[in-house]
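Structure record follows, encoded as structure tokens.
Model, not experiment: these values are computed from the prediction. Here is how names work: the chains are called A, B, and so on, in the same order as the sequence lines, proteins then strands, and each is numbered from 1.
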Amino acid sequence: MRVSQLFTKTSKTAPADEIAKNARLLIQAGYIHKEMAGVYTFLPLGLRVLENICTVIREEMNAIGGQELKLTTLQDPELWKATGRWDDEAVDVWFKTKLKNDTELGLGPTHEEPLVRAIQPFISSYKDLPVLAYQIQTKFRNETRAKSGVMRGREFLMKDMYSLARTEEEHDELYEKIKQAYYRVFERLGIGEQTFLTFASGGMFSQYSHEFQTITEAGEDTIYLDRAKKIAVNEEVLNDEVLADLGLNRDSLEAVQAAEVGNIFTLKEKFSKPLGLTFTDETGHEQTVLMGCYGIGPSRLVGVITELMADDKGLVWPDNIAPFKVYLARLGDDETVMKAADETYENITALGVEVLYDDRDARPGEKFADADLLGIPHRVVVSAKTVEQGKLEYKRRTEAESSLVDFEALKSLLT
RNA sequence: CGGGGAGUGGCGCAGUCUGGUAGCGCGCGCGGUUUGGGACCGCGAGGUCGCAGGUUCGAAUCCUGUCUCCCCGACCA
């Protein structure tokens, strides 16, 4: 992609009405556009990052046998009345609307009910189980206060997986398998080091749920962390009984701010029972399916990764989720430089590496500043100097010094 | 929802207290000089001053109402 063709531009100033670092930088760099409070458009560069995150998640969900589907955004009140969750008292974040004929509808804040109803016709025997089904879908939640940029929106993207098991043992196995997949996801997204399994409230059906909390000042939760054991306890469930149960010592805990990037829940029969999701077991008896649900917020992750990695020059993306891997800056417009830069663009692209080629008639400082602000992990410069020496200038976003390399060396740095 | 702050060209801001018909920087267009960390000169385009009502000869400025945005708190299935 040529910068001259990209319709977004960077700005020298951050928006005045945002305080959250993630929103300020993502808007300044042209990754997102704020539509309303808590509602953000993903522009081309931002969408690439979001899609790259989704790709990592999909690969890991598919690797453990997850089957992707897409549930609807519009929700049928009758379905939710069956589980008692249509009532605003029970779920206070509903966006509700109406059909022309006055029938009420909702915009899905989560999807347990519709998932159960969509899958129910296909589950009748123990032979049909277990199942892992997931989707990546826009959720709508009427938060009283949106905040923290893309980390807490009213409209946001979520990956939600649902497990359907025959027995508690089977459920536990699935739960553990998904937990391990989550570790791999956060590892691949470059936040594995800062992300901790955290014990949180399990609701009515299990003692705990597990959150994946990433340490960042921008986070909304306070967690108590045992770094050596690599586990944490959410402030909301912290008490002596819980600590004893988890084998943790209060003195070895460290209180830190963290952002919830994933949450896994045991649901047991909470939704399957009222909605009649049952199967016939080996002995011919009807049993209720045991469920679990497992969420990751890709759009929130864009914000969390920004908060965690950005520096004073702008965004910083890990290789595998960057919108482009290489920022190719052409300095000068001599014919030889133009030709060399065009060739370099083609050569790197031919390696299967995505390049953002700054072919603009702009001064070096502006190109370097944009390369930094956009957070592209590798920068390559073609100029009269490099052409003269038959080399390319290479620098990582996170390093201060550049070096001259030949194409073969560059190739090994990029692949 | 309670408390606090703010809405003025695309972006960042001044002007509001003390009413007199809107200004600066960036960006944008044209011309020229420039070219290794956001260059410079000249010319130019661009604004219902959030919205509605009121006071006044006259309102960005005063009054009333309303909408929106941000922050703190509460809330977070």
Side-chain angles (χ1 to χ4, degrees), chain A residues 7-21 23-24 27-30 33-40 75 80 83-95 106-113 139-149 151-154 156 158 160 200-205 209 211 218-221 234-236 259-260 263 265 267 270-271 293 295 297 300 312-314 327 329-334 337-338 358 360-374 379-388 393 395 400-402 404:
Chain A
F7 75 74
T8 57
K9 293 179 171 64
T10 59
S11 168
K12 281 187 182 175
T13 51
D17 68 348
E18 294 278 10
I19 301 295
K21 177 160 80 168
R24 288 175 69 83
I27 291 171
Q28 197 182 341
H33 167 79
K34 182 187 207 152
E35 190 61 24
M36 292 179 269
V39 181
Y40 295 88
Q75 299 295 313
W80 293 78
T83 58
R85 293 214 295 176
W86 179 249
D87 197 326
D88 290 324
E89 294 287 306
V91 174
D92 65 0
V93 293
W94 272 113
F95 275 107
L107 271 56
T110 179
H111 284 87
E112 285 81 6
E113 284 84 345
K139 306 290 189 204
F140 296 88
R141 295 186 186 182
N142 200 344
E143 303 278 359
T144 42
R145 182 183 162 206
K147 59 176 194 173
S148 308
M151 292 172 65
R152 187 174 179 82
R154 296 196 167 99
F156 59 95
M158 180 153 148
D160 40 324
S201 165
M204 289 180 285
F205 293 87
S209 70
E211 293 172 343
E220 295 179 5
D221 294 339
N234 194 305
E235 185 177 42
E236 66 188 21
E260 181 188 330
N263 192 192
F265 264 102
L267 300 171
K270 186 172 181 179
F271 299 101
C293 71
R300 172 179 282 189
D312 58 344
K313 290 195 172 79
Y327 195 94
R330 187 195 74 207
L331 305 190
D333 54 4
D334 299 349
V337 172
M338 295 259 253
D358 196 343
R360 295 174 300 175
D361 177 23
R363 295 168 64 89
E366 192 175 342
K367 296 192 177 189
F368 294 150
D370 275 347
D372 288 341
L373 177 59
L374 292 171
R379 189 185 80 186
V380 173
V381 174
V382 172
S383 67
K385 251 193 265 179
T386 67
V387 170
E388 196 179 310
E393 183 184 307
K395 185 182 97 62
E401 299 301 316
S402 60
L404 286 174

For a quick check of understanding: with a heavy-atom distance under 4.0 Å over all strands, which category does A/R154 fall into, base, sugar-phosphate or nothing? nothing
Quick one: A/E220 CD to B/rC71 P, roughly how many Å, whole number? 11 Å
When the P atoms of B/rC17 and B/rA59 are considered, how many whole Å apart are they? 14 Å
Does any non-hydrogen side-chain atom of A/Y40 lie less than 4.5 Å from one of A/E35? no
Side chain of A/E393, base of B/rG36: donor and acceptor closer than 3.5 Å? yes
Measuring to OP1 and OP2 of B/rG38, would you say a side-chain N or O of A/R363 lies under 4.0 angstrom away? no
Closest approach of A/R85 and A/V91, non-hydrogen atoms and distance? O-CG2, 3.6 Å
For nucleotides 3-11 of chain B, which of its nitrogen or oxygen atoms have a protein nitrogen or oxygen under 3.5 Å away, and what is each distance?
residue, atom, partner, partner atom, Å
B/rC11, O2', A/T13, OG1, 2.5

Heavy atoms only, 4.0 Å cut-off, all strands: where does A/K9 land among base, sugar-phosphate and nothing? nothing
With heavy atoms under 4.0 Å as the rule, sort A/L331 into base, sugar-phosphate or nothing. base
Give one of base, sugar-phosphate or nothing for A/Q28, where a contact means two heavy atoms less than 4.0 Å apart. nothing
Value in whole Å for how far the P atom of B/rC30 lies from CG of A/D361: 12 Å
Contacts of A/W86 meeting ring pair (Phe, Tyr, Trp, His ring centres under 6.0 Å) (sequence neighbours excluded), chain-then-number -> A/W94
NZ/NE/NH1/NH2 to OD/OE distance under 4.0 Å, A/E220 and A/R152: yes
Please work out if A/D92 contacts a base, only the sugar-phosphate, or nothing of the nucleic acid, heavy-atom cut-off 4.0 Å. sugar-phosphate
Send over the distance from A/M36 CE to B/rC67 P, rounded to a whole Å. 16 Å
5'-most contact on RNA chain B (nearest-nucleotide basis), A/R145 vs A/G332, goes to A/G332
